[in-house]
Amino acid sequence: MTIPSGLTASPRIPEAVHRRRWMILTVLMFSLIIVVLDNSILNVAVKTIASPQPHGLGATQSELEWAINSYTLVFAGMLFTAGLVGDRIGRKKVLIFGTLLFGVGSAFAALSGSAAELIAYRAMMGFGAAFVMPATLAVLVHVFEREEQPRAMGIWAGSVGVAIAGGPLTGGLLLDHFWWGSIFLINVPVVIIAVICMALLVPDSKDPDPGRLDPVGVVLSIVGLVLVVYGIIRAGELGDFTALSVVAPVAVGLAVLVWFVVHERRSRHPALDLAYFRQPAFSAGVAAIALVFFALMGLTFFSAFYLQSVRGYSALQAGLLIVPVAAAQMYFAPRARLAVARFGTRATAAAGMLLIAAGFVAFAYFDASTPVWVIEVAFFAQGVGMAHVSTPVTYTVVQLLPREKAGSGSALNNTFRQIGGALGVAVLGSMLATRYRSGIEEHLGALPAGARDAAGESLEATLTAAEKLGPAGKTLIGPAHEAFLDAMHLTSLGSAVIAVIGAVVVGVFLPGRPDDDPDPQDPEPVAQAAALD
């Protein structure tokens, strides 16, 4: 930034806030970790929740996917509005509100008596989480000066990765000693501590010129996403992507999303300001985030079944095996700025995406006897790649927007993160289910006719049916494992393709060397950014 002669740069951050910035970041990380961890923690518990009562809820494959996606879809759909509300009434207020609502939803989810109740309370948790995530990044932008933001955002992005990978470990520890509801109940004391710290430490901030809310746009986005993902999940249930009950909701959902785009372009106060996407680097950044989480969430969904049902590890052991992802995120995310300084954002993010793709390709060759160290290397590679994508991409997206729009800007970034994750579970989960069903059907002849469809829905359903058959059911175990591995290999390759597409996107559109990055503090870029609002 160039300061005109005769003028002195004044600090943008009040000194009292600047002194406690790292304490504030710690509080933000706690609130961020619980809302992200709660999504990944469910992945390691799906096997338990699928078990019959009283050990689980007897949830089907589609109910498990909806238990994940009800949280994610409400989360993603409400992020637009949550960011705007934070910009309007204050980020601290919405941060505390969202955290409290998330805690209440967690308590109810822990006491769910059926899969339907769990899905509903997970949606409530997602509603609260939508107000937390954009507020954390918006507050970060307002308590750190620009020269410290890359490091702070690296820690922020690293905490997201740690939560995703640390969820299975936390879930494994809890499931090893308590009932399945403990994975939600553990959130309650953390929420209480976090809210107290927020009230004492976090400063409030808001946009001096906020826009109006856009309820029509919010409703259209939620309806469109739910219909599309419902159709995809239904395809996995039926093993048929051409059925009317699949095509109809997907087609209507896509039509609603087109309506949403048209409405946003015409609205004077849109929930999603499409003008942001005129900047290629911004579009590439949010697309990269979506593609990464599309592949990653899909993989973590089925890796839980691979590690527990095929390899025979307990929930705790499966969680420990995923620790390398968290360790790599924790170490490399805050240091990704060093790679950006040397190689540029484009090369760093593209290399990270290719490393993620390599990890997925490795999964396509795993079987029931793959050495543990090979699995650990693949997980570690994914963590390193993720760290070198999330940090530079998040920084690029946020820096392309004016600081006063930090809430709605970070909401856009996180919305595409959640949409990518939701579609990853739905699309890749449906690919897994469809391939598995086609591979196991010929081996289900020993089952009663009425039980064959249910037993062929998932690996866990087949193993449950085999257990009910007693000694005769043992002949199903081997074919079930083989069918699942075949399905996992196909899905892993699909994930790798998505990651490679992401590498191409960031390699073409993200800025290169650091000198090419936009500086929103300079007069001209600020004026350009302001013109978008």
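Values in this document were obtained by computation on a predicted structure and should not be read as measured data.
- Within the structure, salt bridge (Lys or Arg N to Asp or Glu O under 4.0 Å) pairs that include any residue of residues 486-495 comprise Arg435-Asp486 (at least two apart or interchain).
- Phe184 meets the ring pair (Phe, Tyr, Trp, His ring centres under 6.0 Å) test with no other residue; sequence neighbours excluded.
- Within the structure, no pair that satisfies the ring-ring contact (aromatic ring centres under 6.0 Å, His included) test touches residues 486-509, not counting sequence neighbours.
- Within the structure, every pair that satisfies the side-chain hydrogen bond (donor to acceptor under 3.5 Å, both in side chains) test and touches residues 98-108, not counting sequence neighbours, is listed here: Ser106-Asn187.
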Residue pair Val104, Met124: steps toward the side chain to side chain contact (heavy atoms under 4.5 Å, CB included) verdict: CA-CA 9 Å; Val104 172; Met124 179 180 178; 3.6 Å; yes

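- Ser112 contributes a side-chain N or O that, together with a main-chain N or O of Ala109, makes up a donor-acceptor pair within less than 3.5 Å.
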Using atom types as modelled, flag every donor-acceptor pair under 3.5 Å from a side chain in residues 359-368 to any protein atom, sequence neighbours excluded.
unit_1 : atom_1 : unit_2 : atom_2 : d
Asp367 : OD1    : Ser369 : N      : 2.8
Asp367 : OD1    : Ser369 : OG     : 3.2
Asp367 : OD1    : Thr370 : N      : 3.0
Asp367 : OD1    : Thr370 : OG1    : 3.1

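- For Phe127, the side chain to side chain contact (heavy atoms under 4.5 Å, CB included) partners are Val74, Met78, Phe97, Leu101, Phe131, not counting sequence neighbours.
- In this structure Val247 satisfies the side chain to side chain contact (heavy atoms under 4.5 Å, CB included) test with no other residue, sequence neighbours excluded.
- Listed by chain and number, the residues in a side chain to side chain contact (heavy atoms under 4.5 Å, CB included) with Ala115 are Ala59, Glu63 (sequence neighbours excluded).
- Annotation: side chain of Leu490 is in contact with side chain of Met431 (closest heavy-atom distance under 4.5 Å).
- With rounding to the nearest 0.5 Å, the separation of CD1 in Ile356 from NE2 in His388 is 11.0 Å.
- Atom-to-atom distance recorded for Phe108:CZ and Leu118:CG is 14.0 Å, nearest 0.5 angstrom.
- Across Val500 and Ala357, no two heavy atoms sit closer than the pair CG2-CB, 3.9 Å.
- The minimum heavy-atom distance linking Ala349 with Val393 is given by the pair CB-CG2, 4.3 Å.
- A heavy-atom distance below 4.5 Å is found between the side chains of Arg311 and Ile375.
- Residues satisfying the side chain to side chain contact (heavy atoms under 4.5 Å, CB included) test with Leu220, not counting sequence neighbours, are Val216, Val256, Trp259, Phe260, His263.
- A heavy-atom distance below 4.5 Å is found between the side chains of Val497 and Ile501.
- Here the closest heavy-atom approach between residue Phe102 and residue Tyr71 is recorded as CE1-OH, 3.5 Å.
- When side chains are defined from C-beta on, Val250 does not count as touching Leu227, because their heavy atoms never get closer than 4.5 Å.
- Closest heavy-atom contact between Pro392 and Thr348: CG-CG2, 4.4 Å.
- Among all heavy-atom pairs drawn from Val506 and Arg346, the shortest one is O-CG, 3.4 Å.
- The side-chain hydrogen bond (donor to acceptor under 3.5 Å, both in side chains) test applied to His481 returns no partner, not counting sequence neighbours.
- Of all heavy-atom pairs spanning Leu485 and Val310, the tightest one is CD2-CG1, 4.3 Å.
- In this structure Tyr121 satisfies the side-chain hydrogen bond (donor to acceptor under 3.5 Å, both in side chains) test with no other residue, sequence neighbours excluded.
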